[in-house]
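One structure is given below, encoded as C-alpha cells.
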Amino acid sequence: MKTLNKTLALIALASSSAAFAATDFNTLDVDGNGVISQSEAAVDAKLMSQFSELDTDGNGELSKQEFSEA
C-alpha cells in the first residue's frame, strides 16, 4: 500500500505543470524521507540529467547537500 501511495503521488506530481518547475528539495522529496530518489527526481528532466553527477556518494539518492550542488 505504501508503494501504491508513493506511486500515485509521483504520478500526480508528474502530471501537474508545476512538476517540471519543481526545484525545491522538499517538493521533490515526495515521501519525506530526507533524500530524493531517482524515481522522485524523474519528474524534473534537468535534475534527472544531472542525477549521477550530483550523487557523489553513489548511493542512488540525493541528500540535501548533494541537491544543493545542482
Side-chain angles (χ1 to χ4, degrees):
M1 187 65 165
K2 187 176 183 180
T3 302
L4 176 61
N5 288 340
K6 182 177 175 183
T7 302
L8 291 174
L10 285 171
I11 291 169
L13 184 61
S15 66
S16 75
S17 60
F20 298 102
T23 56
D24 176 70
F25 183 89
N26 293 325
T27 301
L28 291 167
D29 182 18
V30 175
D31 62 8
N33 69 346
V35 294
I36 299 172
S37 66
Q38 287 186 347
S39 63
E40 290 169 323
V43 299
D44 187 312
K46 182 179 177 187
L47 179 60
M48 202 57 208
S49 71
Q50 299 174 339
F51 194 94
S52 294
E53 186 177 312
L54 293 171
D55 182 19
T56 56
D57 63 6
N59 69 349
E61 300 173 323
L62 297 181
S63 66
K64 281 190 178 188
Q65 177 66 35
E66 290 169 326
F67 179 80
S68 70
E69 303 296 323

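Count residues from 1 along the sequence. Excluded from the calculations below are hydrogen atoms, water molecules and symmetry mates; all remaining heavy atoms, backbone and side chain alike, are included. Note that the structure is a prediction, hence the values are computed from the model and not measured.
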Pairs of donor and acceptor atoms involving the side chains of residues 54-61, under 3.5 Å and at least two apart or interchain, shall be tabulated with distances.
unit_1: D55; atom_1: OD1; unit_2: G58; atom_2: N; d: 3.3
unit_1: D55; atom_1: OD1; unit_2: N59; atom_2: N; d: 3.3
unit_1: D55; atom_1: OD2; unit_2: N59; atom_2: N; d: 3.3
unit_1: D55; atom_1: OD2; unit_2: G60; atom_2: N; d: 2.7
unit_1: T56; atom_1: OG1; unit_2: E66; atom_2: OE2; d: 3.3
unit_1: D57; atom_1: OD1; unit_2: N59; atom_2: N; d: 3.2
unit_1: N59; atom_1: OD1; unit_2: E61; atom_2: N; d: 3.0

Chi angles and distances behind the side-chain contact (heavy atoms from CB on, under 4.5 Å) call for Q38, M48: CA-CA 7 Å; Q38 287 186 347; M48 202 57 208; 4.2 Å; yes

Partner residues of F25 under the ring-ring contact (aromatic ring centres under 6.0 Å, His included) criterion, sequence neighbours left out: F67

Name all residues meeting the side chain to side chain donor-acceptor pair (under 3.5 Å) criterion together with S52; count only those two or more places apart in sequence or in a different chain, and write none if there are none. none

Taking the side chain as every heavy atom from C-beta outward, state whether V43 and V30 have any atom pair closer than 4.5 Å. no

As an exercise, state the distance from CG of N26 to CD1 of I36, rounded to the nearest 0.5 Å. 8.5 Å

Scanning both residues in full, the closest heavy-atom pair of V35 with D31 reads O-OD1, 4.5 Å

Residue pair L28 / L47, side-chain heavy-atom distance below 4.5 Å: yes

CD/E69: more than 12 non-hydrogen atoms of other groups inside 6.0 Å: yes

